[in-house]
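Read the structure below first, then the notes.
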Amino acid sequence: MSQTGAFLVVTKEAMPSGYTLKIYNDQTVMNMNPTQMMSGTFPTVAGLSACESVFKTTDAQVRTVILEKDNVAYVIICSSPVATFENAQTSFNMVINSFKVP
């Protein structure tokens with residue numbers, strides 16, 4: 001990322017038995033200790049239903065996008081300082097919109 005302090009992480013994780021995409025999303029967000037929820041949406045990403053959350057933590061603003069295919073969760077975490085979060089969206093969108101699920 002070109003913005004100072006911005007980062008993006010993509011992980012692939014086994015979805016726990018009995019979890020829905022929404023439950024997995026909510027648990028992932030809660031594990032990041034949000035201080036303020038900004039939005040939650042259900043877009044389509046890489047042809048799959050996704051959960052997207054935007055929230056603030058004590059030191060950053062975070063955007064998560066979580067997709068699920070065959071009981072595997074693909075978690076995209078985008079974060080930057082609050083002051084530069086909006087400017088980082090172009091870079092974050094480029095990665096999210098080009099993401100392909102194997």
Side-chain angles (χ1 to χ4, degrees):
M1 302 277 92
S2 60
Q3 291 78 19
T4 303
F7 75 89
L8 188 140
V9 176
V10 179
T11 63
K12 178 181 172 183
E13 306 168 7
M15 191 101 112
S17 178
Y19 271 47
T20 64
L21 181 60
K22 174 80 167 90
I23 291 170
Y24 192 81
N25 175 76
D26 293 350
Q27 186 65 48
T28 300
V29 169
M30 293 311 297
N31 287 342
M32 293 184 209
N33 300 313
T35 58
Q36 180 183 2
M37 292 302 296
M38 308 297 286
S39 67
T41 60
F42 301 95
T44 299
V45 177
L48 299 171
S49 295
C51 284
E52 179 175 38
S53 299
V54 178
F55 54 93
K56 291 181 180 177
T57 64
T58 55
D59 57 357
Q61 191 160 339
V62 182
R63 177 180 175 192
T64 62
V65 178
I66 302 177
L67 308 89
E68 183 266 335
K69 181 180 179 185
D70 300 329
N71 294 319
V72 173
Y74 298 87
V75 181
I76 305 169
I77 302 171
C78 310
S79 178
S80 77
V82 173
T84 60
F85 186 78
E86 287 305 316
N87 290 339
Q89 293 309 301
T90 300
S91 297
F92 294 159
N93 287 336
M94 184 173 55
V95 173
I96 292 165
N97 293 334
S98 65
F99 188 76
K100 303 284 186 239
V101 176

For the residue pair [X] and [Y], what are the closest heavy atoms and their distance?
X	Y	result
P34	M37	CB-SD, 4.1 Å
A6	P81	N-CD, 4.3 Å
V101	A46	CG2-CB, 4.1 Å
T57	M32	CG2-O, 3.5 Å

Euclidean distance, [Y] [atom2] relative to [X] [atom1], rounded to 0.5 Å:
X	Y	atom1	atom2	value
Y19	D26	OH	CG	10.0 Å
N71	K69	CG	NZ	12.5 Å
K22	E68	NZ	CD	15.5 Å
L48	K100	CG	NZ	11.0 Å
F92	N87	CZ	CG	10.5 Å
I66	S49	CD1	OG	13.5 Å

Do the side chains of [Y] and [X] get nearer than 4.5 Å, heavy atoms only?
X	Y	result
I76	L67	yes
L8	S91	no
F42	C51	yes
E52	V45	no
F85	K56	no

Main-chain N/O of I23 paired with T20 side-chain donor or acceptor, under 3.5 Å: yes
side-chain hydrogen bond (donor to acceptor under 3.5 Å, both in side chains): pairs with one or both residues in residues 27-36, sequence neighbours excluded: Q27-N31
